[in-house]
Amino acid sequence: MSEGFGKGCHLHLIDGSAFIFRAFHALPPLTRKSDGLPIGAVAGFCNMIFKMVEDNKGPDAPTHVAVIFDYSGKSFRNDMYDKYKANRPPAPEDLVPQFPLTREATKAFNIACIEREGYEADDIIAAYAREAREAGGRVTIISSDKDLMQLVGGGVEMFDAMKNKRIGVEQVEEKFGVGPDRVIDVQALAGDSVDNVPGAPGIGVKTAALLINEYGDLESLLDRAEEIKQPKRRQTLIDNRAQIELSKKLVTLDDQTPLDVPLEALEVKDPDAEVAMKFLAEMEFRTLTKRVADILGVEPLVIAEPEKTADQAEAPELPPIDADKYECVRDAAALQRYIDQAHKRGYVAVDTETTGLDEMRADLVGVCLCVEPGDACYVPLTHKDGSDDLFGSDQLAEGQMDADQALAMLKPMLADPAILKIFQNAKYDAKIFARLGLDVAPCDDTMLMSYALNAGIHNHGMDVLSERYLSHAPIPIKTLLGTGKSAITFDRVPVDEAVKYAAEDADITLRLWQIFKPQLHRKQVTTVYEVMERPLMPVLAKMEMSGIKVDRDTLSRMSNAFAQKMAGLEAEIHELAGETFNVGSPAQVGEILFEKMALPGGKKGKTGKYSTPADVLEDLATEHDMPARILDWRQLSKLKSTYTDALQEHIHPETGRVHTSYVQTGANTGRLASTDPNLQNIPVRTEDGRRIREAFVAEPGNVIVSLDYSQIELRILAHVAGIDSLKQAFREGQDIHASTASEMFDVPLDEMTPEIRRQAKAINFGVIYGISGFGLARNLRIPRAEAQGFIDRYFERFPGIKEYMDDTVAFAKEHGYVQTLFGRKIHTPEINAKGPHAGFAKRAAINAPIQGAAADIIRRAMIRMPAAIEGLPAKMLLQVHDELLFEVAEDGVEPTIARVRDIMESAAHPAVHLDVPLVVDAGQGDNWAQAH
DNA sequence: GACATCACG
DNA sequence: GACGTACGTGATGTCC
């Protein structure tokens, strides 16, 4: 089999050390259960390796593979320059024991593990890459390290395993502004603070690329340094020549590094199942052990459950999750036994199986109950007999209870106040039951519990929770339903198969509930869960089922009008371009504008394509007609495809209304998200767009009423940061942006101009978002220095704001989360990261308590709303972050507005008494456009 | 399925 | 000293 290495071969070189560092910082800390050994980076490493083993069957699979590590200690570069990598902090304590483990992992998967004293991993990679290239093969370097980018080209490319992104010549040019062959020249000039490569002082990558492109290469540049026009740059290059030349030596990889293991010996080998299993079991990677066993076709090793520590002593001994042990309930007696158990215990986990994901259209197929871990059943109700022919028959499968009889038995249990019903995503099941006339209360919801506990750490779907907290990967629904065109609905799944999948979900839900319930208290989020999560679910369910009436004809007419206008614009655009092309393709638009027409300002994005967002085109509109036409076309295209066309599809055939679905756990900050369709981003900012709201109408005899909080986030900021002047302005009911402008620019209120007010408004928003000079400059289209000046002055005039921001970031760094006024925790796992992540995390941490508190307030109002409008002819239909929309009988409008406004304005009470008033504006009309 | 773009607060 | 940057979402079309 082994014929050496040559043409047609594909070598994968994995940069092991770099990967471990990145995995360590990117992944949550994970420890081995039995002894607390930190193994997060090892887990990330194994997952990556496993993915590669899995992909080894693919067409682009490697024929040869090796993992390369840095040899601990110094390399030959330290002999050239003693400060090389001298300012590297020592590896984190939790990472150190993981280094040898990753080498073991490599060997366990039967992959060559390479390192060499006196050399860095990068040098070994360079040497292998050179040999492979010379032999006519292809090379993929699994790394995102910029120091390796000099190797790209001529059959060598890189692959960023964490971002799942390939790095070719284009991406290198993107990063360095020069081709791979000149990368070392740029690096020599720019230096590298991380590795302590000095470079030329004051010159970064941008300037370096500029110089290299002008002079061809580093040597010519240094020889001709006298010719450089800018005096400072010229002097820098002349003065630091030796240092620059040394830097080049430091960044140049040694592709002559001696290789102990010849290229041929790196041939891909199948892992030895026994060795791999043993290692994974030792690490206690439960899920991975099963997956690897699956791929290798062996039995997974059983991993012993660790001894209970004192902390876990209360946790009961649980039977393993075993899909074959679940009961299929086919008659009333069997069902009654489970109902009796639910009565006896006072709780039961429930899950429904249906024909689809849309709760307003899906039909119930079966119900699962779980009364204790491992003791779960599935009650099939409307499975079809699929065996007859290709399409299946519509005959009910045999051995199922009569659906009406089963529901009649379940009904009193679901409504029994003494029995707690536990769901994962209760709103879905509650709506399915509600459409069948069954009320469900009281409910607990493991998804909402996870959200209260862990917002910002991970998502809250069953798969994630089960893997994370039960170390168990649930049966994927795909294995039952298939995918794509050939996918079937759950009622076509044979009952025997359905039992395992369905009952397992109820079992998992109950186990999660047992874990989360005590944690709510320990983590002090019981109030958040009980006051702001649990009671919101039925309110949202009711709103979603109400839906909002949407007039199809209005939308349809608008679609036609948009289509006509678009066709006209498209013809004009093609005329201007002198050729036809796809206006909807940003790539083609970029080509036409920046290549063919050679307009200025073309910037290429990550994928090497020209970037053509609206603000760029707006700037170009002064140069040429085409950008303006393209912008018009884009606006119409958006309105048509996302709104006037798509919304028609969402009108429910029976209710004639559009029913959105709110995701209660959708935003980390506590905001809701709206999907299928999203009714929280219906256009309003442009005239054409706003007309779409005319299609959102009230039933005859009713009106649409809208109430929204005025400046709620700025009011919260004034309160939490304790800014007296801001509070005062709000108490006096002033125009807050004008007031800010007056304070900042020393302009009296009665002399305020719209322009000055506009700038202050942008600053006010910027503050809420964790302002930066760059961001404000871009938003206001002013020079960066000027924007920074505004910010400095703002902080000077409102000193409490800066203090609040610093305190918030410090709190996040210490605790790993920030908190709203109402106790909601938003975790910030990236806050202590290095690199560009840190900036994002910082701004998110500053924003979260403000956005989150506003979200808490409107949630509190919504929860109180059903009782508040009881008896009024009013229905709450939609929430758009700071706005609530109602449909109200004409004669009930005034009292409804009065009561709703009262609830909204006092929603923070009694938990929090704000130092500023909350103010709610109201509007009404035949449609949403008029009401807003 | 990733990316670019754009709709909202 | 340079880097990359406003916060939070979801839907659509293109392109691989």
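In what follows, chains are A, B, ... by sequence order, proteins preceding strands, each numbered from 1. Scope of the values below: all heavy atoms of this structure, side chains included, with no hydrogens, waters or symmetry mates.
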Q: Report which part of the nucleic acid A:Gly766 touches: base, sugar-phosphate, or nothing (heavy-atom distance under 4.0 Å, all strands).
A: base
Q: Any salt bridge (charged side-chain N to carboxylate O under 4.0 Å, His left out) involving residues 664-682 of chain A? Give me the pairs, sequence neighbours left out, ordered by first then second residue.
A: A:Arg671-A:Glu713
**Q.** Nucleic acid footprint by protein, nucleotides 4-9 of chain B - heavy-atom cut-off 4.0 Å, B for base, S for sugar-phosphate alone
**A.** SSBBBB
Q.
I'd like to check the ring-ring contact (aromatic ring centres under 6.0 Å, His included) partners of A:Phe886; sequence neighbours left out, ordered by chain and number.
A. none
Q: Please check if any side-chain donor atom of A:Gln879 sits under 3.5 Å from a side-chain acceptor atom of A:Gln680, or the reverse.
A: yes
Q: Would you please indicate yes or no on a ring centroid separation below 6.0 angstrom for A:Tyr794 and A:Phe790?
A: no
(Q) By nearest heavy atom, map A:Ala587 and A:Arg784 onto DNA chain C; which one lands nearer the 5' end? (A) A:Arg784
Q. Which whole number of Å gives the distance between the C1' atom of B:dA7 and that of C:dG4?
A. 25 Å
Q) If you count the non-hydrogen atoms of other residues, nucleotides and ligands that lie under 6.0 Å from CZ in A:Arg691, is the total more than 12? A) no
Q. Checking all strands, does A:Gly202 fall into the base, sugar-phosphate, or nothing category for heavy-atom contacts under 4.0 angstrom?
A. sugar-phosphate
Q. Excluding sequence neighbours, so at least two apart, what forms side chain to side chain donor-acceptor pair (under 3.5 Å) with A:Ser706?
A. A:Glu883
(Q) Base, sugar-phosphate or nothing for A:Ala854? Non-hydrogen atoms, less than 4.0 Å. (A) nothing
Q: Identify, with sequence neighbours excluded, every residue that meets ring-ring contact (aromatic ring centres under 6.0 Å, His included) alongside A:Phe594.
A: A:Tyr610
Q: Is it possible for you to check whether A:Arg843 lies under 6.0 Å from the centre of the six-membered ring of A:Phe840, through NZ or CZ, and within 45° of that ring's axis?
A: yes
Q) Start at the 5' end of DNA chain C and walk down; is the nucleotide closest to A:Pro201 or to A:Ile771 reached first? A) A:Pro201
Q | Minimum-distance pair of heavy atoms, taken over all atoms of A:Tyr804 and A:Ile846 | A | OH-O, 3.5 Å
Q) How far apart are the closest heavy atoms of A:Gly199 and A:Ser247, and which atoms are they? A) N-OG, 2.9 Å
Q: Sequence neighbours left out, what passes side chain to side chain donor-acceptor pair (under 3.5 Å) with A:Gln648? Give chain and number order.
A: none
Q: For DNA chain C, find the residues of residues 774-783 of chain A with a heavy-atom distance under 4.0 Å and give them by number; none if there aren't any.
A: A:Phe774, A:Leu776, A:Arg778, A:Asn779
**Q.** Pairing residues for A:Phe581 by the ring-ring contact (aromatic ring centres under 6.0 Å, His included) criterion, not counting sequence neighbours
**A.** A:His574
Q: Take atom P in C:dT5 and the same atom in B:dC3, then report the distance between them in whole Å.
A: 15 Å
Q: Select base, sugar-phosphate, or nothing to describe what A:Ala762 touches, counting heavy atoms under 4.0 Å on all strands.
A: base
Q) NA contact type, A:Asn668, heavy-atom cut-off 4.0 Å: base, sugar-phosphate, or nothing? A) sugar-phosphate
Q) How would you list all residue pairs meeting salt bridge (charged side-chain N to carboxylate O under 4.0 Å, His left out) that involve residues 189-203 of chain A, not counting sequence neighbours? A) A:Arg88-A:Asp195, A:Lys146-A:Asp192
Q: Quick one: label A:Ser772 by what it contacts on the DNA or RNA (base, sugar-phosphate, nothing), any heavy atom closer than 4.0 Å.
A: base
Q. Got a sec, which residues hit side chain to side chain donor-acceptor pair (under 3.5 Å) with A:Tyr662, two or more places apart in sequence or on another chain?
A. none
**Q.** Nucleotide range of DNA chain C lying under 4.0 Å from chain A heavy atoms
**A.** C:dG1 to C:dC15
Q: Starting at the 5' end of DNA chain C, write a dot or bracket for each base, bracketing those in Watson-Crick or G-U wobble pairs whose two distances are under 3.5 Å and using | for partners on another strand.
A: ......|||||||||.
